[in-house]
S.K.: 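Below is one structure. I have some questions about it.
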Protein chains: 2
Amino acid sequence: MARKHEEAERCECMHVHEDMIEMVETHMPQEEELADLAEFFRVFGDTTRIRILYVLMCSEVCVCDIANLLGMTQSAISHQLRVLKQMDLVKNRREGKTIFYSLADSHIKSILSQGLEHINE
Amino acid sequence: MARKHEEAERCECMHVHEDMIEMVETHMPQEEELADLAEFFRVFGDTTRIRILYVLMCSEVCVCDIANLLGMTQSAISHQLRVLKQMDLVKNRREGKTIFYSLADSHIKSILSQGLEHINE
DNA sequence: CTTTCATATGAATACTTGTTCACGTGTTAT
DNA sequence: ATAACACGTGAACAAGTATTCATATGAAAG
């Protein structure tokens, strides 16, 4: 989503100290890392994906079960599982015709609960 | 983002047990809470906003300093600060003509570093 | 091989979102 | 009052995204 922002017209003021600029530039992650970080959090920015993650917290389940539980089409779930998989939030396992999905990492739960903590003041 | 999904055509299979369905439904947060949660994480899903947060981790700064530091227009920054403020991630303070922004909450840092932990395996 | 079932995927569409542009607001100084 | 400055904001546009629809893949059964 970050668009162009090449040469922005800047105002004249500059309140920050020189060492502050230094400090910001040393603490700020690299551009690529920032992009990865934003992409990571964007995955949590959708209720369907969050609901899928909450289902997978309870149990390993197949795609069509998730679709049933959430009242959505298999296709929609499959598309979102792809996103979750690409970000390494879920993993899957084949058993005959069905494919079972589960959480890839246990600290996903921790991130979600920290989010809940914040919105509940 | 989350669109209609009223009546989805569901496949016939149902692998999950009855008590699993029960468990999912008791652990899944309410619809409104899920929406708030997604909205919260969506704020972190943009590199500009993340960069602003990293700047504010270092120091309380004014809008135009952020614009200068990030090489973007004051307007773009102002729009994003509004989003951050609405989600209670930042607070501000007026001093004459300038308005200083700072982090509203210290555990924002914790959420960001957990994100970094994940993407660095 | 053909059919059936569970899942994946590409294209299309409606919706969302970040930035820019122009202008409005509020404060300080002259 | 007027000008200058820092910041906020609404409209508009481009780019991104979630879902649907139709179809493809891949495995098991007949």
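Protein chains get the first letters and strands the later ones, always in sequence-line order, with residue 1 at the start of each.
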S.K.: Without decimals, in angstroms, what is the distance between B/F100 CZ and C/dT27 P?
M.R.: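 After rounding, the reported distance stands at 16 Å.
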S.K.: Please find the pair of heavy atoms, one from B/L37 and one from A/I119, that lie closest to each other, and give the distance.
M.R.: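 In this case the closest contact between B/L37 and A/I119 is N-CD1, 3.9 Å.
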S.K.: Please identify each residue that fulfils side chain to side chain contact (heavy atoms under 4.5 Å, CB included) with B/R82, with sequence neighbours left out.
M.R.: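 B/Q86.
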S.K.: Start with the C-alpha gap between B/E33 and A/N120, add the side-chain angles, then the distance that decides, and say whether side chain to side chain contact (heavy atoms under 4.5 Å, CB included) holds.
M.R.: CA-CA 9 Å; B/E33 204 167 17; A/N120 296 331; 3.4 Å; yes
S.K.: Excluding sequence neighbours, so at least two apart, what forms side chain to side chain donor-acceptor pair (under 3.5 Å) with A/S113?
M.R.: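 If we apply the side chain to side chain donor-acceptor pair (under 3.5 Å) test to A/S113, skipping adjacent residues, there are no hits.
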S.K.: Among all residues two or more places apart in sequence or in another chain, which pass the side chain to side chain contact (heavy atoms under 4.5 Å, CB included) test with B/Q80?
M.R.: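 Testing B/Q80 for side chain to side chain contact (heavy atoms under 4.5 Å, CB included), a comparison that skips the adjacent residues, returns B/D46, B/T48, B/R49, B/I52, B/V83.
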S.K.: Taking only residues two or more places apart in sequence, or in another chain, which ones meet A/D88 in a side chain to side chain donor-acceptor pair (under 3.5 Å)?
M.R.: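 Scan of A/D88 (side chain to side chain donor-acceptor pair (under 3.5 Å), adjacent residues dropped) gives none.
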S.K.: What integer distance in Å separates B/M72:CE from C/dG18:P?
M.R.: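 Roughly 11 Å, once rounded to whole Å.
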S.K.: Distance check, rounded to the nearest 0.5 Å: B/S102 atom OG versus B/M57 atom CE?
M.R.: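 Rounded to the nearest 0.5 Å, the OG-CE separation comes to 13.0 Å.
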S.K.: In whole Å, I'd like the distance from the CD1 atom of A/I66 to the P atom of D/dT19.
M.R.: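 Roughly 13 Å, once rounded to whole Å.
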S.K.: Check the distance between C/dG18's C1' and B/I52's CD1 and give it to me in whole angstrom.
M.R.: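 Going from B/I52 (CD1) to C/dG18 (C1'), I get 12 Å.
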S.K.: Just to be sure I understand the geometry, which residues of residues 77-89 of chain A put a non-hydrogen atom under 4.0 Å away from DNA chain C?
M.R.: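 Nucleic-acid contacts, sorted: A/S78, A/H79, A/R82.
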S.K.: How would you list, by chain and number, every residue that makes a ring pair (Phe, Tyr, Trp, His ring centres under 6.0 Å) with B/H27, sequence neighbours excluded?
M.R.: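 Partners of B/H27 by the ring pair (Phe, Tyr, Trp, His ring centres under 6.0 Å) criterion come out as none, since no residue qualifies.
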S.K.: Donor-acceptor pair, A/H118 side chain versus B/I108 backbone, under 3.5 Å?
M.R.: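 Looks like no, no N/O pair under 3.5 Å.
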S.K.: Are any of B/Y101's side-chain N or O atoms less than 4.0 Å away from OP1 or OP2 of D/dG8?
M.R.: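 Answer is yes, contact under 4.0 Å.
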S.K.: Listed by chain and number, what are the side chain to side chain contact (heavy atoms under 4.5 Å, CB included) partners of A/E95, not counting sequence neighbours?
M.R.: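 If we apply the side chain to side chain contact (heavy atoms under 4.5 Å, CB included) test to A/E95, skipping adjacent residues, the hits are A/R93, A/T98, A/F100.
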S.K.: Angle between ring planes, B/F40 versus B/F44, binned at 30° and 60°: parallel, tilted or perpendicular?
M.R.: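 If you compare the ring of B/F40 with that of B/F44, the planes turn out perpendicular.
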S.K.: Please determine, for the side chain of B/N92, which listed nucleotide (C/dT20, D/dG8, C/dT19) has the closest atom?
M.R.: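 For the B/N92 side chain, the nearest candidate turns out to be D/dG8.
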S.K.: Indicate whether OP1 or OP2 belonging to C/dT19 is found under 4.0 Å from a side-chain N or O atom of B/T48.
M.R.: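 Affirmative; the distance criterion is met.
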S.K.: Let me have the donor-acceptor pairs involving side chains of residues 19-26 of chain B, under 3.5 Å, with sequence neighbours excluded, atom names and distances please.
M.R.:
{"unit_1": "B/T26", "atom_1": "OG1", "unit_2": "B/E22", "atom_2": "O", "d": "3.2"}
{"unit_1": "B/T26", "atom_1": "OG1", "unit_2": "B/M23", "atom_2": "O", "d": "2.9"}

S.K.: Could you tell me, to 10°, how much the axis swings from one end of the helix from C/dC1-D/dG30 to C/dT30-D/dA1 to the other, five pairs per end?
M.R.: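 Axis angle across the helix from C/dC1-D/dG30 to C/dT30-D/dA1, nearest 10°: 10°.
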S.K.: Whole angstrom is fine here: how far is it from CG in A/L70 over to C1' in D/dT19?
M.R.: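 In whole Å, D/dT19 C1' and A/L70 CG are 14 Å from each other.
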S.K.: Quick one: on DNA chain C, does A/A76 or A/T98 contact a more 5' nucleotide (nearest heavy atom)?
M.R.: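 It is A/T98 whose nearest nucleotide is closer to the 5' end.
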S.K.: Measure the distance from CG on B/D46 to P on D/dA15 and round it to the nearest whole Å.
M.R.: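 Going from B/D46 (CG) to D/dA15 (P), I get 16 Å.
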S.K.: Tell me which residues in residues 56-63 of chain A lie within less than 4.0 Å of DNA chain C, going by non-hydrogen atoms.
M.R.: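 The answer is A/C62, A/V63.
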S.K.: What integer distance in Å separates B/R93:CZ from D/dG8:P?
M.R.: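 These atoms are roughly 14 Å apart.
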S.K.: Check whether any side-chain N or O of A/R49 sits under 4.0 Å from OP1 or OP2 of D/dA18, and answer yes or no.
M.R.: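 Result: yes.
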S.K.: According to ring pair (Phe, Tyr, Trp, His ring centres under 6.0 Å), does anything in residues 61-96 of chain A pair up with another residue at least two apart or in another chain? List the pairs.
M.R.: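 Those involving residues 61-96 of chain A do not exist here.
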S.K.: If the sugar-phosphate is the primed atoms plus P, OP1 and OP2 and the base is the rest, what is the B/S/- string for nucleotides 22-30 of chain D, using protein heavy atoms under 4.0 Å?
M.R.: B----BS--
S.K.: I'd like to know if the side chain of A/R94 reaches the main chain of A/G96, judged simply by a donor and an acceptor atom lying under 3.5 Å from each other, with no hydrogens or angles considered.
M.R.: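 Yes: the side chain of A/R94 pairs with the backbone of A/G96.
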